[in-house]
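A, B, ... follow the sequence lines: proteins, then strands. Residue 1 opens every chain. This is a predicted model, so every value here is computed, not measured.
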Protein chains: 2
Amino acid sequence: MERKSQQKNTILKVLKGTTSHPTADWIYSEVRKEIPNVSLGTIYRNLRQLKARGKILKLHIDDVSSRFDYNTKSHCHFRCTKCKQVFDLIVPECSKMIEQLSRQRGLQISSYMVTFSGLCVKCQKQKYPN
Amino acid sequence: MERKSQQKNTILKVLKGTTSHPTADWIYSEVRKEIPNVSLGTIYRNLRQLKARGKILKLHIDDVSSRFDYNTKSHCHFRCTKCKQVFDLIVPECSKMIEQLSRQRGLQISSYMVTFSGLCVKCQKQKYPN
DNA sequence: CTACTTGCAAAATATTTGCGTTATT
DNA sequence: AATAACGCAAATATTTTGCAAGTAG
């Protein structure tokens, strides 16, 4: 059975306290502030377990590395191609679309991953690219 | 400037001839049937170039490795969690949704990646899991 | 000829795993 | 006491890159 550990708690706390959809490596550096000798292997092992138990989401937004999300409800993301930030998007039309898809095409949809890419409002306003 | 090469042509031909959204490694093994001494580095280099020139899409559907698609129009995918196949989905509602998003929220959306996961029609019918 | 492309091998990244030890239940 | 979780280091897997040679334009 699952056991508690300071490491797992801290990982969850870090994830809960950010909206940045962080990578394993970023989580590692955050957790190390509290548990300096934590190992990266432990981060990965816990993230995998948490995902398997449905407590977090693993996102495949870019090809560099996976990102993790404390918000386990399927939702949409917007990735700015300039500042590389990933924002949550609440898109009510999306759930309607899925309902339609399963009704009309017989697909049993258990989750979805939607990522829009483009320029966020902030970066659109910047005249000179960085 | 860009130059032609047998390797690049073959990669494109292979991609054009499949709907399986293959990985670099699968493409490699297909290309090798025609050019036995092609190198994996060449595959990756060409795939990167082709993507940069907008001739193919790079998909981030699962965490194992990237997949590539000859169909460069943004479109939706369905990934069966059982047989692991990835199918194209034409979802007209999707383009409407994007139009709405840019109009209502000021986002400049240049592309999107939509992946639904679940059981495909075929796998739903199978009584005994493999 | 110029310089893009290739094959090869080594390097860089991201993630997983084996093992002996620690800690939770 | 049993065994899940840990830290560490080595192993995998995927993708990139440096370099000398080949080739398209």
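Phosphate contact (OP1/OP2 of C/dT5, side-chain N/O of B/Gln7, threshold under 4.0 Å): absent.
For A/Thr10 (side chain) and A/Gln6 (main-chain N/O), a donor-acceptor pair under 3.5 Å exists by modelled atom type.
Taking all atoms of both residues into account, the shortest heavy-atom contact from A/Gln108 to B/Phe78 is O-CZ, 4.4 Å. Residues A/Asp88 and A/Asn71 come closest through the heavy atom pair OD2-ND2, 4.4 Å. Of all the heavy atoms in B/Phe68 and B/Leu47, the pair that sits closest is CE1-CD1, 3.6 Å.
Atom pair B/Leu50:CG and D/dT15:P shows a separation of 15 Å (rounding to whole Å applied). B/Asn9 places its CG atom 15 Å from the P atom of D/dT23, with the value rounded to the nearest Å. Atom CD1 of A/Ile35 is separated from atom P of D/dA5 by 15 Å (rounded to the nearest Å). Residue A/Arg32 contributes atom CZ, which lies 16 Å from atom P of D/dC6 at whole-angstrom precision. Rounded to an integer number of Å, the gap from CE of A/Met1 to C1' of D/dA5 is 14 Å. Note: CG (B/Asn46) to P (D/dT17) measures 15 Å, nearest angstrom. With rounding to whole Å, B/Tyr28 atom OH is found 14 Å from D/dT15 atom P.
Remark: B/Glu99 does not engage B/Lys96 in a salt bridge, criterion side-chain N to carboxylate O under 4.0 Å. Contact check on B/Asp62 versus B/Lys84 returns no salt bridge, with no Lys/Arg side-chain nitrogen under 4.0 Å from an Asp/Glu carboxylate oxygen.
The 12-atom threshold is exceeded at CZ of B/Phe87, counting heavy atoms of other residues, nucleotides or ligands nearer than 6.0 Å.
Using modelled atom types, one finds no donor on one side chain facing an acceptor on the other under 3.5 Å when comparing A/Gln124 with A/Lys82.
In this view, B/Lys55 and B/Glu2 satisfy the salt bridge (charged side-chain N to carboxylate O under 4.0 Å, His left out) rule, not counting sequence neighbours. Among residues two or more places apart in sequence or in another chain, the ring-ring contact (aromatic ring centres under 6.0 Å, His included) test is passed with A/His77 by A/His21, A/His75. Partners of B/Asp69 according to the salt bridge (charged side-chain N to carboxylate O under 4.0 Å, His left out) rule, which considers only residues two or more places apart in sequence or in another chain, do not exist here.
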Per-nucleotide protein contact along nucleotides 8-18 of chain C, 5' to 3', at a 4.0 Å heavy-atom cut-off (B base, S sugar-phosphate only, - neither), is B-----SBBBB
Sequence-aligned protein contact record of nucleotides 20-25 of chain C, with B where the base is within under 4.0 Å of a protein heavy atom and S where only the sugar-phosphate is: ---BBS
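Rounded to 10°, the angle separating the first-five-pair axis and the last-five-pair axis of the helix from C/dC1-D/dG25 to C/dT25-D/dA1 equals 40°.
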